[in-house]
Every structure is written in structure tokens, then in C-alpha cells.
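Below is one structure, written out as C-alpha cells, with a few remarks after it.
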Amino acid sequence: MDVGSPALFPSSPHTTTVPVVSEIKFKNTGYSLEGKRLVGPLNVEIETGETVVFLGASGSGKTTTLRLVNGLILPTSGKVEVSGVRTDVVNLVELRRSIGYVIQEVGLLPHMTVAQNTGLVLRLLGRGSEEMARRTGELLQMVHLDADELGNRLPHQLSGGQRQRVGVARALAADPAILLCDEPFGAVDAATRGALQIEFLELTRELRKTVIFVTHDVSEATLLGDRIAVFDEGTIGFIGTRAEFEKSDKSCVTRLRNP
Amino acid sequence: MSDLLSFFAENSSEVLLKIREHLGLVLLSIVIATAIAVPLGVAAAKWSKLRTPVIGTANVVQTIPSLALFGFLIPMPFIGGIGPRTAIIALVLYALLPIVRNTYAGIEAISDGLREAALGMGMTSKQLLWFVELPLALPILLAGIRVAAVTGVGVATIASLIGAGGLGDFIFRGVSTVDSTVILAGALPAAIMALLIDGGLHLVEKRLDWKNK
């Protein structure tokens with residue numbers, strides 16, 4: 001063996017591109033705070049392009065589990081893998097920039113205009129102002145907002161429904177493969193909520209995102225989820241398709257179906 | 001009153017000089033204090049261990065009577081002595097507390113939810129500071145600078161006693177010669193200066209607050 005020659009990276013003769021994986025795997029994942037177990041053990045895999053709804057009462061561990069995905073917290077036992085990479089070893093800033101994150105109300109920066117809020121992730125990624133302006137217009141149109149009319153307004157000058165649309169647009173800005181949504185439509189009235197849900201469904205189907213959607217609303221869960229995971233005291237008590245959810249006689253499911 | 005006007009007319013160049021000196025003392029000390037206090041306030045907000053020592057120290061400095069502080073500083077090597085330099089150091093020390101405290105309070109007031117949203121979209125802690133925390137804390141921070149500047153106008157009159165010049169020269173000259181016209185020639189411009197600084201910075205504060213847009 002010729003040990004003298006330097007090791008080179010082989011130039012590949014193949015043209016097949018690496019498939020874009022955006023799956024999320026929880027492997028024996030647990031999270032404890034001050035000795036108290038809040039979540040886990042979780043063992044679940046979310047596949048590329050799938051929408052999984054985390055359903056459960058408040059305090060059941062849905063949001064904590066969501067925050068484990070973009071590394072806002074790290075598991076205290078087991079691991080979380082996002083697109084094949086463990087969150088406890090990855091560069092968290094990069095990971096978070098590759099994931100869209102939509103949360104209730106507070107998510108928009110109050111001192112920035114709608115356009116600035118929408119383009120913020122692109123600004124963090126160091127994109128040019130021309131690209132940002134073009135992309136911001138596209139994104140606002142995607143969520144049915146008039147960029148000319150609303151682009152220069154501040155979030156507090158918008159209606160609740162408009163704010164949530166801006167939140168979704170911002171999360172989609174860098175075209176992330178994964179979208180995390182924490183009760184994004186929780187703070188708007190019922191009629192607006194219904195419209196937003198339908199639009200969200202069309203949008204995520206069209207863009208083929210891997211989505212985790214947290215809610216405590218059963219009808220929202222059955223409308224949006226390819227699969228529904230029912231959280232019960234920090235663990236997943238049930239996971240299955242809409243049809244399986246309707247038929248299941250597990251107590252954690254029947255309790256939600258017939259409150 | 002007519003005495004005062006004729007005093008201003010007869011001594012206009014000296015009055016203008018004293019106003020300039022006074023304003024110079026206040027502005028320079030506020031700029032230096034801001035440059036020191038804002039990073040200290042940010043540090044106190046970011047690292048909870050620093051909170052008590054930083055704000056506590058600034059608090060202690062604030063409780064020293066201004067005349068005593070000038071007294072302490074005069075015998076100090078390098079920073080002390082007679083003249084405007086010592087006065088500026090004392091004014092800076094006085095201005096620290098309101099600015100540190102308001103920078104800290106402004107950053108502390110930002111909700112954890114907003115901070116988490118910003119981190120969740122991939123901000124580094126430096127970007128969080130520049131894009132979110134400092135802009136949102138700015139109106140409160142400016143209110144601290146305003147308090148410091150207005151207090152500074154008052155304290156600067158006493159700086160005349162250690163040879164720093166300013167409008168205090170008229171006040172103390174008037175006191176020693178029992179001439180109320182000369183006292184007023186220093187006191188009135190100082191009061192107007194304090195009111196103008198207060199009003200001006202208040203306007204800036206309001207303009208920079210997103211809630212008013």
C-alpha cells in the first residue's frame with residue numbers, strides 16, 4: 001500500500017443527487033428538568049413530507065417535544081435525529097435556520113415591519129436585499145397578503161389572522177424542509193381559524209414539507225394530520241392515521257374524542 | 001428682571017462661554033457614561049451573576065453626595081486634581097446608574113416567548129442582541145440617558161467649585177457677593193438647559209418607540 005500519497009476525496013462519476021431527507025426520529029428520547037421527567041421516553045419516527053399532529057391537553061409535553069426538534073432544549077436521555085443528524089452534536093444555529101418555526105402571537109418582532117419580519121431569516125442567512133425583497137413579495141402572496149398594502153405595517157397594526165399569516169410566511173422564507181408549528185392558530189377567532197387551516201393544508205401539501213403541528217383542538221388535528229400523536233403525561237399514548245384515531249378505543253383517545 | 005437682562009447684555013460673551021462649558025461637561029460625560037453603562041447593563045441582563053455587583057456598585061456611587069464625590073476625587077492620583085477632567089469623571093460616575101439600570105430593565109422586559117421565537121429562527125446570541133434586545137430596549141434605555149443628562153446639568157453647576165467652569169461660576173460668584181442677579185444669570189440658563197434636554201430626549205424616545213407608530 002502506498003502510504004506516501006496524500007488521501008484525496010474521490011471526484012464522483014455519479015450524477016444521482018443525494019435524496020433530501022427531512023425525517024425526524026425520536027429514539028428513547030426523554031427530557032427532565034430539575035429531576036422531574038417532563039417528556040419521554042419517546043420512540044417515534046416522522047417521515048419526509050408527512051404532517052404529524054401532536055394532540056393533547058396543556059402540560060402533556062407536546063410543546064416540550066417540539067422544542068427538542070430545533071434544539072431549543074436538548075434531550076436529557078436518548079436522542080433526537082433531524083435529517084439524520086443528532087441535535088446534541090449539530091450546530092444549533094444552522095439547524096434552526098433550516099427549520100421553519102411558527103408560534104402563537106409573540107413570534108413576530110413588534111418593532112419590525114411585516115416585510116422585515118418576513119425576510120428576517122433571509123437576512124440572518126446573509127442574502128442580498130434584492131433577493132429579500134423579491135422573496136418577501138412571493139411569500140406574502142403565498143399566504144394571501146397584499147405586500148404593497150401591508151408590507152410596511154407593524155405587527156400590532158394587523159388583525160390576528162393577518163399576523164398568523166405573516167408568521168407562516170416568515171417560517172417558509174428560507175424554504176425549509178421541516179416546519180414546526182406550535183398552536184399557530186390558537187389566538188384567532190373561529191371563522192379565521194377555519195380559513196387559515198384550509199390554506200395551511202393546501203400550502204404544506206403543495207410544498208411537501210415535513211410538518212409537526214401542535215394543537216389541543218381535536219378537529220384541527222383530524223383536519224391537518226396525516227398521522228395524529230396523542231400526548232398523555234409526557235409520552236405518546238397513541239399514534240396513527242385519522243381513521244385509526246377515529247376507531248381507537250384507547251382511553252387517552254376516547255377522552256379527547258368525547259370530552 | 002431688567003437687572004438680569006442688562007447683565008446678559010453686558011456680559012454676553014462670558015454668558016455664552018459658560019453655557020458652552022456647561023453643555024460640554026454634560027454632553028461629554030453622558031457620551032462616556034453611555035459607552036460604559038450600556039455594555040454593563042447588557043452584561044447584567046445576560047449573566048445573572050453580574051446583576052447584583054454591577055447594579056449594586058452603581059447604586060452605591062449614586063448615593064455619595066456630589067460635593068463629597070468631588071472631594072474624594074481631588075486627592076486621587078491620575079484621575080483627580082482641580083479642573084474639568086475631575087468634574088467629568090464625577091459626572092460620568094453619576095450618570096452610570098440610571099443608564100445601567102434602564103438598559104438592564106429594558107432587556108429584562110422582553111418576553112421569553114419573543115426571545116425563543118428569535119432563537120428558534122436561528123439567531124445567534126449576538127444577532128438576538130442587535131436585532132431584538134437592543135432595539136426593543138432602546139426607548140427605556142433613552143429614558144435612562146435622559147434622567148442622567150438632566151441630573152448632570154444640576155451636578156455640573158457644583159463642578160464650578162473644583163474649577164471646572166460652567167454656569168456654576170455665576171451662581172457661586174453671586175452667592176459670595178450676595179448678588180441675586182449674578183446667581184440668576186447662572187441658575188436660569190441651567191434650568192432652561194435641563195428642561196430643553198429633557199423635552200428633546202423625550203421626543204426622541206417617543207419617536208423611537210414602535211408602540212407609537
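Note: hydrogens, waters and symmetry copies are ignored here, and every other heavy atom, side chains too, is used. Fair warning: this is a prediction, and the values are worked out from it, not measured in the lab. Chain identifiers are assigned alphabetically (A, B, ...) following the order of the sequence lines, protein sequences preceding nucleic acid strands; residue numbering begins at 1 within each chain.
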Is it true that, when you exclude A:Arg227 itself, more than 12 heavy atoms of the residues, nucleotides or ligands shown sit nearer than 6.0 Å to its CZ?
yes
Going from CD on A:Glu94 to OG1 on B:Thr124, what distance comes out if it is rounded to the nearest 0.5 angstrom?
12.0 Å
Carefully, step by step, assess A:Arg170 and B:Met121 under the rule side chain to side chain contact (heavy atoms under 4.5 Å, CB included).
CA-CA 9 Å; A:Arg170 184 180 66 183; B:Met121 73 175 80; 3.2 Å; yes
Check for a donor-acceptor pair, side chain of A:Arg97 on one end and backbone N or O of B:Gly122 on the other, with a separation under 3.5 Å.
yes
State, yes or no, whether a side-chain contact exists between B:Trp210 and A:Met112 at a heavy-atom distance under 4.5 Å.
no
Give the member of A:Leu72, A:Leu180, A:Asn70, A:Asp182 that has the highest number of heavy-atom pairs under 4.5 Å with chain B.
A:Leu72
Give, as side chain, backbone, both or neither, the part of B:Glu116 having an atom under 4.5 angstrom from any heavy atom of chain A.
both
Which pair of non-hydrogen atoms, one from B:Val132 and one from A:Leu109, has the smallest distance, and what is that distance?
CG2-CD1, 3.8 Å
So which bits of residues 122-143 of chain A come within less than 4.5 Å of chain B, counting non-hydrogen atoms only?
A:Arg123, A:Leu124
Are any of the side-chain heavy atoms of A:His156 and B:Lys211 separated by less than 4.5 Å?
no
When you measure from the side chain of A:His111 to the backbone of B:Phe131, do you find a donor-acceptor pair of N or O atoms at a distance under 3.5 Å?
yes
Straight-line distance of B:Leu114 CG to A:Ile103 CD1, nearest 0.5 Å
8.0 Å
